[in-house]
Enquirer: 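Structure provided below as structure tokens; questions to follow.
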Amino acid sequence: MSIAVAVVLAAGLYWLQPWKLWQDETVREALPVAVAPSDPGATAAVPGAAPGAVPGGAPAAPVTVARGTLISHEHSTTGEVALIRLPDGSHTLRLTNLDTSNGPDLRVWLTDAPVKEGVAGWRVFDDGRYTSLGKLKGNKGDQNYPVPADVKVADFTSVTIWCDRFDVSFGAATLARV
């Protein structure tokens, strides 16, 4: 009987991982700098192009195309999100000043779901389209998540810190186009 209790207790601890609630992982990543095309003509001015633009319409410096502020869901969550287009045309999602609880299987998702406050918003993000940008690198700090090249960023309107283990949002932000 005691072996069965020990097995159930060990399985429960593994599943819930309650110790993560007291463990903080801080990440301090700088904004990535993708290099503009190395074509010798790429630095030449393009007639009618915006100042600082390179051929092909990509900006010469990172440009924020959407941003938002995280709100709390299942766990207290604060911070800012920005969807950034890099000089090479790729996109990255940047979390700044993130502060949330740690969890057993946290992911960063781009979604098409509306951000709802309170309990009503906890479980909406897997109802529609979403793409996972990977595991949350840390529950505090500044971090970058490359957006896969085949993802159409215009199709997504929000970001969530999603707990895959319990299918719940820790926090989310609406992406407002800038």
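On a predicted model such as this, the values are computed, not experimentally measured, just so you know.
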Enquirer: With side chains defined as the heavy atoms from C-beta onward, is the minimum distance between Ser158 and Trp109 less than 4.5 Å?
Expert: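 No - every pair of side-chain heavy atoms lies 4.5 Å or more apart.
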
Enquirer: To the closest 0.5 Å, what do you measure between CZ (Arg67) and OG1 (Thr174)?
Expert: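 It is 14.5 Å, given to the nearest 0.5 Å.
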
Enquirer: Does any non-hydrogen side-chain atom of Tyr145 lie less than 4.5 Å from one of Leu95?
Expert: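 In contact.
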
Enquirer: Just so I know, are the side chains of His91 and Leu93 near enough to count as touching, which here means a heavy-atom distance under 4.5 Å?
Expert: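 No, their side chains stay 4.5 Å or more apart.
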
Enquirer: Would Arg85 and Val153 count as a side chain to side chain contact (heavy atoms under 4.5 Å, CB included) if you check the C-alpha gap in whole Å, the side-chain angles of each, and the deciding distance to 0.1 Å?
Expert: CA-CA 10 Å; Arg85 186 174 60 240; Val153 295; over 6 Å; no

Enquirer: Is the backbone of Ala113 close enough, under 3.5 Å, to the side chain of Thr111 for a donor and an acceptor to pair up by distance?
Expert: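 Judged by distance alone, yes, a pair lies under 3.5 Å.
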
Enquirer: Of all the heavy-atom pairs spanning Phe125 and Pro114, show the shortest one and how long it is.
Expert: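 What the structure gives for the nearest pair is CE2-O, 4.1 Å.
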
Enquirer: Give the cluster check for Val108 versus Val151: same hydrophobic cluster or not, with ILVMFWY residues linked at side-chain heavy-atom distances below 4.5 Å.
Expert: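 Yes: a chain of side-chain contacts under 4.5 Å links Val108 to Val151.
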
Enquirer: Which heavy-atom pair separates Asp167 from Asp164 by the least distance, and what is that distance?
Expert: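 So the minimum-distance heavy-atom pair works out to OD1-O, 3.5 Å.
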
Enquirer: Which atom names give the shortest non-hydrogen contact between Gly68 and Ala173, and what distance separates them?
Expert: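 Scanning both residues, the minimum pair turns out to be C-CB, 4.1 Å.
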
Enquirer: Is any side-chain heavy atom of Leu175 closer than 4.5 Å to a side-chain heavy atom of Leu110?
Expert: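 A side-chain contact exists here, since the closest heavy-atom pair is under 4.5 Å.
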
Enquirer: Quick one: which of Leu98, Asp99, Thr100 gives a side chain to side chain contact (heavy atoms under 4.5 Å, CB included) with Lys140?
Expert: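 Exactly one pass, corresponding to Asp99.
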
Enquirer: From Arg165 CZ over to Arg107 CZ, what is the distance, rounded to the nearest 0.5 angstrom?
Expert: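 Those atoms lie 10.0 Å apart.
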
Enquirer: Would you check if there is a donor-acceptor pair between the side chains of Thr69 and Glu80 at a distance under 3.5 Å?
Expert: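 Thr69 and Glu80 do have a side-chain donor-acceptor pair below 3.5 Å.
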
Enquirer: How close do Pro87 and Ala60 get, counting heavy atoms only, and between which atoms?
Expert: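 Heavy atoms only, the tightest pair is CG-O, 3.7 Å.
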
Enquirer: If we only count heavy atoms from C-beta on, is the Leu133 to Val159 side-chain gap below 4.5 Å?
Expert: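 The answer is no, as the side chains (C-beta and beyond) never meet within the 4.5 Å cut-off.
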
Enquirer: Do Val168 and His75 have side-chain heavy atoms sitting under 4.5 Å apart?
Expert: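 Answer no - side chains too far apart.
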
Enquirer: Honestly curious: do Phe156 and Val115 fall in one hydrophobic cluster under the side-chain, below-4.5 Å linking rule?
Expert: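 No, separate clusters.
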
Enquirer: Could you please spell out the steps behind the side chain to side chain contact (heavy atoms under 4.5 Å, CB included) verdict for Leu31 and Ile84?
Expert: CA-CA 9 Å; Leu31 178 65; Ile84 300 169; 3.4 Å; yes

Enquirer: With side chains defined as the heavy atoms from C-beta onward, is the minimum distance between Leu136 and Ile161 less than 4.5 Å?
Expert: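 Yes, at least one pair of side-chain atoms sits under 4.5 Å.
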
Enquirer: Keeping to residues at least two apart or across chains, list the side chain to side chain donor-acceptor pair (under 3.5 Å) pairs with something in residues 115-132.
Expert: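 Residue pairs with at least one partner in residues 115-132: Arg129-Asp155.
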
Enquirer: Side-chain contact test, heavy atoms from C-beta onward, threshold under 4.5 Å: evaluate it for Arg94 versus Leu83 and give yes or no.
Expert: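 Side chain of Arg94 against side chain of Leu83, heavy atoms only: no contact under 4.5 Å found.
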
Enquirer: Could you go through the side chain to side chain contact (heavy atoms under 4.5 Å, CB included) check for Asn144 and Glu29 one step at a time?
Expert: CA-CA 7 Å; Asn144 305 303; Glu29 292 182 328; 3.5 Å; yes

Enquirer: Under 3.5 Å, is there a donor-acceptor pair between the side chain of Ser72 and the main chain of Thr77?
Expert: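 At least one qualifying donor-acceptor pair exists.
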
Enquirer: Please check: side-chain N/O of Asn102 versus main-chain N/O of Gln23, any donor-acceptor pairing under 3.5 Å?
Expert: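 Yes; judged by distance alone, with no hydrogens or angles, the pair exists.
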
Enquirer: For the backbone of Asn139 and the side chain of Glu25, can you confirm whether one donor and one acceptor N or O come within less than 3.5 Å of each other?
Expert: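 Checked: no pair found.
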
Enquirer: For residues Trp162 and Ile71: do they belong to one hydrophobic cluster (side chain heavy atoms under 4.5 Å, members Ile, Leu, Val, Met, Phe, Trp, Tyr)?
Expert: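 They do share one cluster, since a chain of ILVMFWY contacts under 4.5 Å joins Trp162 to Ile71.
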
Enquirer: Tell me if the aromatic rings of His73 and Phe170 count as close, with their centers under 6.0 Å from one another.
Expert: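 Ring centres of Phe170 and His73 not closer than 6.0 Å.
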
Enquirer: Please give me the minimum heavy-atom distance between Leu86 and Pro32, naming the atom from each residue.
Expert: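 For Leu86 and Pro32, the tightest heavy-atom pair comes out as CD2-O, 3.4 Å.
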
Enquirer: Any link between Leu70 and Val147 through a network of hydrophobic side chains (Ile, Leu, Val, Met, Phe, Trp, Tyr) touching at under 4.5 Å?
Expert: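 Same cluster: Leu70 reaches Val147 through Ile, Leu, Val, Met, Phe, Trp or Tyr contacts under 4.5 Å.
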
